[in-house]
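Working notes, beginning with the structure itself.
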Amino acid sequence: MRWLRRLRRILLVLLLAAAGPAALLLAAGYLACNTDVGRTLLARGAERLASLEGGNTIKIDGLQPGLPFHLGIDALSVADGTGDWLEARQLSVDWQPRALLQGRLQIDRVSAQLIHVARLPQGEAQAAAGGPLLPVSPVPIRIASLKIDQLRLDEPAAGLPAILSVAAEAGTTPEGVSTLAAQVQRIDGVPGSARLQATLHHAEATLAAKLSLEEAPNGVLANLLRLPERPAVQLTLEGHGPLTEWQGTLDFRVGTQTETQAALKLRLGPAGTAISAVGTARLATLLPAEYRPLAAGEITYQVDASLDAGDNLQVDSLQLDDAAGGLQATGKLELTRGTGDLTGTLTIKDGAALAAVEPRLRLGSGVIAARITGDLRRPAVGLNARLTNLTVPYVTADLAALQATLDPIDTGARYRFQAKGSVQGLGIAAKDRSARFATGGFAGTGSAALDGSMVQADALSIDLPELAVKGSGSWPRDGATAATLSIAAGALKPLGEIFRVMLAGSGDAKISVQRQGPGASWQADLSLHGQGLQLPQPDLQMLVDGKLQATASLAVAPDGAIAVNRLQLETPRLGLTGKARFAANLESVIGAASVTAADLGCLSKTAGTPLA
């Protein structure tokens with residue numbers, strides 16, 4: 001795991017800083033080690049040795065007198081290609097060289113006044129697979145005391161600024177038993193602590209360990225996990241057994257509520273680590289407040305995964321289940337590169353909880369299958385969905401099926417989309433009015449920005465027995481907007497139901513709209529053609545006489561005022577040309593029109609006056 005390798009690198013720097021001078025002592029002699037020139041040479045040699053690990057460079061300033069029994073360094077820094085990422089002040093190691101003659105390494109004290117981690121290192125070398133499962137020291141080791149007065153973590157390293165103190169002791173017995181006891185305490189005014197106790201038997205490759213952590217709100221762990229509202233957390237991990245089949249339990253709490261309890265199995269090998277977990281969880285408090293109704297109940301889960309030495313995570317099986325549905329997923333994540341290939345299926349047994357998240361959305365049940373590939377920051381997504389009893393604004397469907405793909409098209413957040421599907425029992429509603437259509441299909445292609453700054457529809461279509469709609473357009477958040485729409489209605493009856501009038505016949509319409517930018521007026525051009533029309537009012541039916549053709553050009557101002565710059569209407573009996581201006585509240589109108597009629601008698605009933 002990457003964080004283990006980072007910790008190993010930091011410890012290696014300190015140990016090489018001590019081991020490097022110890023090796024050079026054999027050649028330089030005790031006296032040379034305690035002169036300014038000798039200590040400078042030792043520091044440069046230690047820098048060269050330590051800088052070989054991971055491509056980082058080490059700088060040591062102020063190697064203190066007292067070698068070989070005391071190693072003291074005034075300042076040490078570690079840098080990668082972009083600069084310093086770790087600094088340490090007043091490092092000190094006191095050890096007993098004579099203990100080596102007895103076949104053991106005795107370190108009485110390792111201490112640091114300050115270790116400052118500004119960020120995590122970049123360009124980290126990938127660990128090589130293979131090698132022994134547990135490296136064993138050739139001699140017993142005893143570290144009586146390790147103490148860091150201040151471990152200062154900046155926000156890029158820990159998710160928030162934090163200052164910790166660290167105290168630990170460790171050792172390995174001649175029988176090959178290693179022990180570690182460590183305690184970490186926050187000392188920056190925010191309550192928080194962690195304790196670790198571990199015993200490792202090298203010969204049997206068995207481990208007994210217990211990790212406990214407790215933090216007040218806005219703690220390091222809550223920030224690293226990005227928990228909403230950064231609550232107080234408690235974590236306990238405890239277990240024992242051989243490393244090839246280690247078993248333990250995990251208890252994680254947010255506040256006083258248990259969020260997850262799990263039985264764990266770990267299998268450690270030279271090629272990586274396999275993990276299995278079975279447990280229950282309550283995830284509502286881990287989600288943003290608006291999404292918590294989706295996870296209100298208890299969830300059971302089962303995970304089988306493995307992590308190899310190259311930080312590649314293989315998810316063999318992930319299964320989540322609750323009363324409302326379940327999720328099954330498999331795939332692979334390349335954690336170092338941030339890429340992956342994941343597939344999953346979401347089964348929705350009861351979609352009622354969606355209404356609490358989005359009141360305009362209703363769903364009975366459904367199945368959604370997805371595949372996510374590529375860069376996880378901008379992945380390609382493929383979707384297949386089948387949903388029942390679906391309601392979205394203005395539209396309802398007894399059954400909807402969808403196939404869609406989303407592909408990133410540049411380094412930003414823009415995607416190209418393709419979608420197609422079918423519906424059964426389609427309904428269109430406007431306020432308390434609605435119309436029902438039979439089975440049909442829909443399709444669309446275009447591009448869109450995930451932040452909503454731009455939507456470009458290259459082609460949109462809806463095909464129903466009674467209605468066909470085709471369109472295209474672009475809708476930028478800032479800039480010119482343009483769209484065209486064509487509608488062909490084989491039967492006007494369903495549209496009449498929306499407007500609460502009895503219509504019969506067929507027709508088609510074309511609509512073109514555009515706007516130069518935010519705050520500008522909308523410009524629209526419309527054309528309409530109808531035939532075989534049957535209108536509910538006899539006098540209107542007489543005027544239309546079954547056919548109607550109309551064109552109009554209008555503008556809608558930002559305040560809602562409507563200017564009809566041109567209106568032309570023709571029927572077999574009547575022609576009308578005019579223009580008008582409507583106030584925003586539609587309470588007043590100013591306009592002019594000219595009317596031509598082939599038979600003025602058709603206007604008699606409408607005008608209420610005999611005409612010829």
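Please read these numbers as outputs of a predicted model, since none were measured by experiment. Heavy atoms only: backbone and side chains are in, while hydrogens, waters and symmetry mates are out. Residue indices begin at 1 and follow the sequence shown.
In R337, the CZ atom is not crowded: 12 or fewer heavy atoms of neighbouring residues, nucleotides or ligands sit closer than 6.0 Å. Summarising the local packing, CZ of R267 is surrounded by more than 12 heavy atoms from other residues, nucleotides or ligands at distances under 6.0 Å. Within a 6.0 Å sphere centred on CD of Q516, other residues, nucleotides and ligands contribute 12 heavy atoms or fewer. Within a 6.0 Å sphere centred on CD of Q456, other residues, nucleotides and ligands contribute more than 12 heavy atoms. Heavy atoms of other residues, nucleotides or ligands lying less than 6.0 angstrom from CZ of R119 number more than 12.
With respect to K265 and D304, no salt bridge is recorded, no charged nitrogen being found less than 4.0 Å from a carboxylate O.
Side chain to side chain, S365 and T388 meet the donor-acceptor criterion of an N or O pair below 3.5 Å. Checked by atom type, the side-chain pair T330/T343 shows a donor-acceptor distance below 3.5 Å. A donor-acceptor pair shorter than 3.5 Å cannot be found between the side chains of Q314 and N312. Side-chain contact annotation: D398 with Q424, donor-acceptor N/O pair under 3.5 Å absent. Judged purely by distance below 3.5 Å, without hydrogens or angles, the side chains of N218 and N223 pair a donor atom with an acceptor atom. When only modelled atom types and interatomic distance are considered, T339 and E334 share a side-chain donor-acceptor pair under 3.5 Å. With no hydrogens or angles considered, a side-chain donor-acceptor pair links S553 and D525 at under 3.5 Å.
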| Test salt bridge (charged side-chain N to carboxylate O under 4.0 Å, His left out) applied to D508 and K510, step by step | CA-CA 7 Å; D508 59 78; K510 292 184 179 180; over 6 Å; no
| query | Could you go step by step and tell me if R416 and D458 meet the salt bridge (charged side-chain N to carboxylate O under 4.0 Å, His left out) rule? | reply | CA-CA 10 Å; R416 176 162 293 281; D458 299 328; 3.1 Å; yes
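Rounding to the nearest 0.5 angstrom, the gap separating the CG atom in D350 from the CD1 atom in I348 is 10.0 Å.
D559 places a side-chain N or O within 3.5 Å of a backbone atom of A561 that can act as its donor or acceptor partner. D308 places a side-chain N or O within donor-acceptor distance of the main-chain N or O of D311, the cut-off being under 3.5 Å.
Under the 4.5 Å side-chain criterion, counting only non-hydrogen atoms from C-beta, D407 is not in contact with F417. Using a 4.5 Å heavy-atom cutoff, the side chains of R515 and V513 are not in contact. For the pair L426 and T396, the minimum side-chain heavy-atom distance is 4.5 Å or more. T280 places none of its side-chain heavy atoms less than 4.5 Å from the side chain of I299.
Closest approach of A370 to L383, counting heavy atoms only: CB-CD2, 3.5 Å. Shown here for A222 and P231, the closest heavy-atom pair between the two residues is CB-O, 3.7 Å.
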